[in-house]
Amino acid sequence: MNQLQSIPSSSDDDSGSMNTARQSAGQSQISADSGNSMPMVPAFEDSRHWHDVFWLGIFLLHLVLVGLALGILGLNRFRKKDRLNIDRYTYKFLGNQADLTEDYWPLYAIAAGVGTFLGWAWLLLLGSRANQMMKISVHILTTYLAVLSVLCFWGKMVFWGVTFAIGSGLQFLYIMSVIDRLPFTMLVLQRAVKMVWRFPNVMRIACAFMVIMCLWLGLWSFGAAGVVASSIGDGGRWWLLVVLSVSLFWTGAVLCNTVHVVVSGMVFLVLIHGGQEAESMPRNPLMQSLRYAVTTSFGSICYGSLFTAAIRTLRWEIRGFRSKIGNNECLLCCVDFLFHLVETLVRFFNKYAYVQIAVYGKSFNHSARDAWELFQSTGVEALIAYDCSGAVLLMGTLLGGLITGTCAAILTRVKHSDRVIMMGSTAVLLGMILVGLAMVVVESAVTSIYICYAEDPLLIHRWDPEFFNQMSEMLHERLQHRSSRGTQVLNRDVNRPRDHVQEPIPI
């Protein structure tokens, strides 16, 4: 595959990239129609080298240290106040009446059960009711945030009321900016679910990782409950909970992305070999993918999990806002600066790197760069920019987290009304991670479909000819849109000096 810089993200280069993208798309179409070409099959069974070992060590060291801290914090208040005499080191920060760990630990257990139930219910309904689940993810989240804002104002929690109100407004603006993309997004999600549900072993892997996450959450919630029950003032407890939440986010992201690597590797192999029963299919591909994910590629997963989610979310928001600016050149200039900065980061931190990691065993940055250059050289980046499937799945994950947090907050308010916000906010993160472990199965299939389409559209054509035709039609439409947009920008730049030419002043 020629690594050509054909479809840059900026509108200034869109017109110049059109010809290369059309040629690539045309060659792919011919390949799919003729059926004579075969894509390069990766040597999946070859030995692999370890990558990003430094980040693997950092993650494992972090788990050990945080695990010890969680055990100490939870045990200090378990069945006896100040069992380990830690309060003598924090007497300067005392500001609350101390409770016991078991006062809050069962509430976290209930929240974990709610999050697990929501995750699998969401995935099951997405498989059978994709259209309805799309509407729920898109519209109910905005309404739910607005309702939470009203309830917070009613409970005199002004800060959280304002926060939820701003979140509801931003969610509404984002939906309005991408509403024309939702039909294609729904199509991609339906095909991804169709692909995933053909492999029950993949679902078992996701279930196993959810059990592992629940085991870690048992320890994490034990320590977090000890922090909430401690006699330290609100400021100190919030700082401890923030540190523990960052740790939980990283751990949850690592497990989610490990599932991502396993599932995407399996889906890619099935597509590239023409089916799970093909003779050329490696032996036990799922177990081999799992073995690579938790050994040689685990350092790359730990590294990418630190940054990918935040950069991807920021990119979605900027893209949605940028498409609705219009002719406000000052604002467009500022947004373009942020856009190019984020696009540079996306080149080295994107979720499509996990497919390259799964199939070729590369390092994370190498995988992310190769995947992005592949998309740009084939024009598929225009299709990815138009697709909102990742954002829709994130909305479902966030909605599941908010429902989990609401349940925990309601239960906490019964006996501990002063700890509602602490329990509710941490339970939101807990619920998002558990729901995200179910959602990542679908997202993995989406990323694999795009990688395969960029590698050789014959793979998608062989799997689902109707879906291939719909993707090709949408790709052609998006390339035309970018070409016309680049022409408009070029014409505006050419004509601008003529409007500002001043007549010579006679002396």
Counting neighbours of CZ on Phe153 that are heavy atoms of other residues, nucleotides or ligands and sit closer than 6.0 Å, is the number greater than 12?
yes
In terms of relative ring orientation, are Phe59 and Phe298 parallel, tilted or perpendicular, with 30° and 60° separating the classes?
perpendicular
What residues form a side chain to side chain donor-acceptor pair (under 3.5 Å) with Asn201, not counting sequence neighbours?
Arg204
Partner set under side chain to side chain contact (heavy atoms under 4.5 Å, CB included) for Ala225, not counting sequence neighbours
Thr101, Tyr104, Trp105, Tyr108
Establish, from distance only, whether the side-chain atoms of Tyr144 and Ser168 form a donor-acceptor pair under 3.5 Å.
no
Under the salt bridge (charged side-chain N to carboxylate O under 4.0 Å, His left out) test, which residues partner Lys415, sequence neighbours left out?
none
Calculate, to the nearest 0.5 Å, the distance between atoms OG1 and CG belonging to Thr412 and Leu107 respectively.
4.5 Å
Pairing residues for Val414 by the side chain to side chain contact (heavy atoms under 4.5 Å, CB included) criterion, not counting sequence neighbours:
none
Would Ile384 and Val380 count as a side-chain contact (heavy atoms from CB on, under 4.5 Å) if you check the C-alpha gap in whole Å, the side-chain angles of each, and the deciding distance to 0.1 Å?
CA-CA 6 Å; Ile384 292 173; Val380 178; 4.2 Å; yes
Assess, by modelled atom type and distance only, whether the side chains of Ser389 and Asp387 contain a donor and an acceptor separated by less than 3.5 Å.
yes
When you check the side-chain N and O atoms of His51 and Ser297, is any donor under 3.5 Å from an acceptor?
no
Partner set under ring pair (Phe, Tyr, Trp, His ring centres under 6.0 Å) for Tyr450, not counting sequence neighbours:
none
In Å, rounded to the nearest 0.5 Å, how long is the span from CE of Met210 to CD1 of Ile205?
13.0 Å
Verify the distance criterion only: is there a donor paired with an acceptor across the side chains of Asp52 and Ser363 at less than 3.5 Å?
no
Dump the intermediate steps for side chain to side chain donor-acceptor pair (under 3.5 Å) on His260 and Thr447, then the final yes or no.
CA-CA 9 Å; His260 194 152; Thr447 56; 3.1 Å; yes
By the definition side-chain contact (heavy atoms from CB on, under 4.5 Å), identify the one residue from Leu269, Leu290, Val270 that meets it with Pro285.
Leu269
Can you list the residues that meet the side chain to side chain contact (heavy atoms under 4.5 Å, CB included) rule with Trp239, with sequence neighbours excluded?
none
Report the relative orientation of the aromatic rings in Trp55 and Tyr303; use parallel for angles under 30°, tilted for 30 to 60°, perpendicular for over 60°.
parallel
